Amino acid sequence: MTQPSLLSTNEVRDRFSKAMSAMYQAEVPQYGTLLELVERVNQETLSQQPELHRRLEAQGELARLSVERHGAIRVGTAAELSMLRRLFAVMGMYPVGYYDLSEAGVPVHSTAFRPIDDDALAMNPFRVFTSLLRLELIESEALRQRSEEILAKRDIFTPGARELIERHETQGGLTSEEADQFVNEALETFRWHQDATVDLETYQALHDEHRLIADVVCFRGPHINHLTPRTLDIDEAQRRMPEMGMNPKAVIEGPPRRECPILLRQTSFKALEESIRFAGDAQGTHTARFGEIEQRGVALTPKGRALYDQLLTEGRKQTAGLDNDAHQTVMQNVFAQFPDNDEAMRREGLAYFQYHLTEKGQAAKDVGSADIEALIAQGLVEAQPITYEDFLPVSAAGIFQSNLGGAESEAYAGNANRDAFEEALGAQVTDELSLYAERENISKNKVLNSL
Ligand code: OOG
Ligand code: NI
């Protein structure tokens with residue numbers, strides 16, 4: 001008998017991310033409006049900036065632009081987190097990076113499940129920012145216990161999803177038909193539930209401790225709380241949000257607008273108030289789901305990141321309470337210290353680049369030089385910025401806060417615990433910086449070997 005042919009994990013992820021987007025558009029119609037806005041702004045930006053168009057096309061970024069998005073979920077137990085790790089592996093998504101949000105007053109720590117290889121990222125870079133609630137940080141012993149009991153009773157995965165995850169693991173993949181079943185079953189985990197699993201009183205008690213605790217503990221599953229398309233001009237998209245009926249958060253998070261974008265800029269429309277039926281039939285509301293947009297730039301080296309963190313801290317001291325325009329002006333002044341051209345960032349070792357042969361380089365043979373700078377100067381080699389594929393803890397905290405409606409609180413600060421997170425996950429998280437460094441090195445060696 002011939003072996004059934006197995007689908008690539010990239011294909012499974014692509015199907016899943018599209019199904020997830022369709023589900024979220026049906027659940028949160030404003031997300032559909034946001035996609036329209038981003039699509040329109042992206043088309044306009046590309047036609048106004050032919051050079052950007054050319055560069056994105058050459059880097060293979062254009063093809064993925066319309067499918068590119070990230071989502072976020074929050075779970076309550078180690079068992080849920082480690083099963084999610086296995087679920088995401090079916091789609092070629094692996095835990096990258098450790099984010100401590102306790103620093104910003106949110107009692108969670110997080111990772112991003114995402115593809116890693118160049119090919120996988122080029123096809124569909126779908127990422128899911130995944131947070132684990134840290135019950136150990138909750139002050140009230142009674143509430144902590146109550147939360148643990150409630151969480152112990154739920155299973156956020158369907159039996160079908162569990163079975164197909166195991167099949168993927170033993171078979172080394174899924175057939176096309178199994179993949180479609182998997183997408184349907186896995187989607188159930190991320191679906192919104194209008195019915196809470198607890199009564200209104202319990203919800204209120206948890207909510208009063210921290211809104212996020214109620215969000216994680218009181219429902220059958222970790223509903224996807226936002227999906228985020230990638231825009232090429234976040235300032236323009238933010239400006240137009242109100243025209244299209246969306247209420248944007250006060251400021252765009254991250255670095256200011258630049259000629260050569262770095263890392264990640266993000267903004268969101270505020271979470272919607274949704275009606276909920278609580279156990280015992282009481283009606284109430286819950287606010288959790290929102291929409292976000294992001295603009296991505298080049299990944300920074302540890303040196304670049306240190307400079308970013310330093311300037312961000314300086315900027316934040318001056319921006320408290322400012323509106324977006326004033327906030328961006330302050331940030332632009334502060335970030336004037338960060339070189340704003342690719343060449344300078346590369347030479348100063350601030351950002352990661354991928355090296356390619358130019359057409360001239362492809363025609364050249366046995367150049368016999370191992371000096372990348374000389375090869376660039378001769379027009380044989382070109383360096384292209386590597387896009388940042390990860391997240392930023394301070395920005396993530398800003399996104400959390402604007403949607404939790406709370407002021408920042410220091411109650412949980414200083415509690416990074418990567419070991420505990422990895423133990424819950426059942427695996428180590430990959431260090432994101434080592435991935436960029438590796439991609440840069442591989443491309444450099446490939447270019448040098450071929451000349
Ligand atoms: C996650 C917030 C973080 C981002 O883009 O930084 C995030 C959450 O609210 O669960 O998605
Ligand atoms: Ni997000």
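Bear in mind the structure is a predicted one, so any value in this text is a computation, not a measurement. Remember, it's 1-based here, ligands and their atoms both numbered in the order they're listed. Because only heavy atoms are used, hydrogens play no part in the values below, and waters and symmetry mates are left out as well, while side chains stay in.
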**Q** What protein heavy atom sits nearest atom 4 (C) of ligand 1, and how far off is it?
**A** Gln266 NE2, 3.1 Å
**Q** Near Phe400, which atoms of ligand 1 are under 4.0 Å from a heavy atom of that residue?
**A** 1 (C), 2 (C), 8 (C), 9 (O), 10 (O)
**Q** Can you confirm whether Gln283 is buried at CD, in the sense that more than 12 heavy atoms of other residues, nucleotides or ligands lie under 6.0 Å from that atom?
**A**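 Count over threshold, so yes.
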**Q** Per the salt bridge (Lys or Arg N to Asp or Glu O under 4.0 Å) rule, which among Glu389, Glu39, Glu61 passes with Arg230?
**A** Glu61
**Q** Would you say His70 has any N or O atom under 3.5 Å from an N or O of ligand 1, going by distance alone?
**A**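 For ligand 1, there is an N or O atom that lies under 3.5 Å from one belonging to His70.
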**Q** Looking only at protein heavy atoms, identify the closest one to atom 9 (O) of ligand 1 and say how far it is in Å.
**A**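 Result for atom 9 (O) of ligand 1: Arg74 NH2, 2.7 Å.
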**Q** Counting no waters, how many protein N/O/S atoms sit under 2.8 Å from the Ni ion (ligand 2)?
**A**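 Total protein N/O/S atoms under 2.8 Å from the Ni ion (ligand 2): 3.
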**Q** For Asn225, is at least one N or O under 3.5 Å away from an N or O on ligand 1?
**A** yes
**Q** Within a radius of less than 6.0 Å around CZ of Arg15, do more than 12 heavy atoms belonging to other residues, nucleotides or ligands occur?
**A** yes
**Q** A cation-pi test, strictly: NZ or CZ of Arg86 under 6.0 Å from the centre of the six-membered ring of Phe113 and no more than 45 degrees from its axis. Yes or no?
**A**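 That pair does not qualify as a cation-pi contact.
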**Q** When you measure from the heavy atoms of His226 to every atom of ligand 1, does any distance fall below 4.0 Å?
**A**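 The answer is yes, since His226 has a heavy atom less than 4.0 Å from ligand 1.
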**Q** Does atom CD of Gln428 have more than 12 heavy-atom neighbours, drawn from other residues, nucleotides or ligands, at distances under 6.0 Å?
**A** no
**Q** Pull out every atom of ligand 1 sitting under 4.0 Å from any heavy atom of Phe391, numbered as shown with elements.
**A** 4 (C), 5 (O), 6 (O)
**Q** Provide the closest heavy-atom pair for Leu433 versus Leu300 in the form atom of the first, atom of the second, distance.
**A**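 Residues Leu433 and Leu300, closest heavy atoms: CD2-O, 3.5 Å.
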**Q** Are Phe219 and His193 near enough that their ring centres are under 6.0 Å apart?
**A**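 That pair fails the under 6.0 Å test.
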**Q** For Gln318, I'd like to know if atom CD has over 12 heavy atoms of other residues, nucleotides or ligands within 6.0 Å.
**A**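 Yes.
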**Q** Quick one, Glu44 with Arg240, criterion salt bridge (charged side-chain N to carboxylate O under 4.0 Å, His left out). Give me CA distance, side-chain angles, the key distance, then yes/no.
**A** CA-CA 13 Å; Glu44 287 175 16; Arg240 288 200 212 165; 2.5 Å; yes
**Q** Would you list the atom pairs, donor with acceptor, under 3.5 Å between side chains in residues 242-249 and any protein atom, with sequence neighbours excluded?
**A**
| from | atom 1 | to | atom 2 | distance (Å) |
| --- | --- | --- | --- | --- |
| Lys249 | NZ | Val251 | O | 2.9 |
| Lys249 | NZ | Glu253 | OE2 | 2.6 |

**Q** Report, in ascending order of atom number, the atoms of ligand 1 lying under 4.0 Å from any heavy atom of Phe129.
**A** 1 (C), 3 (C)
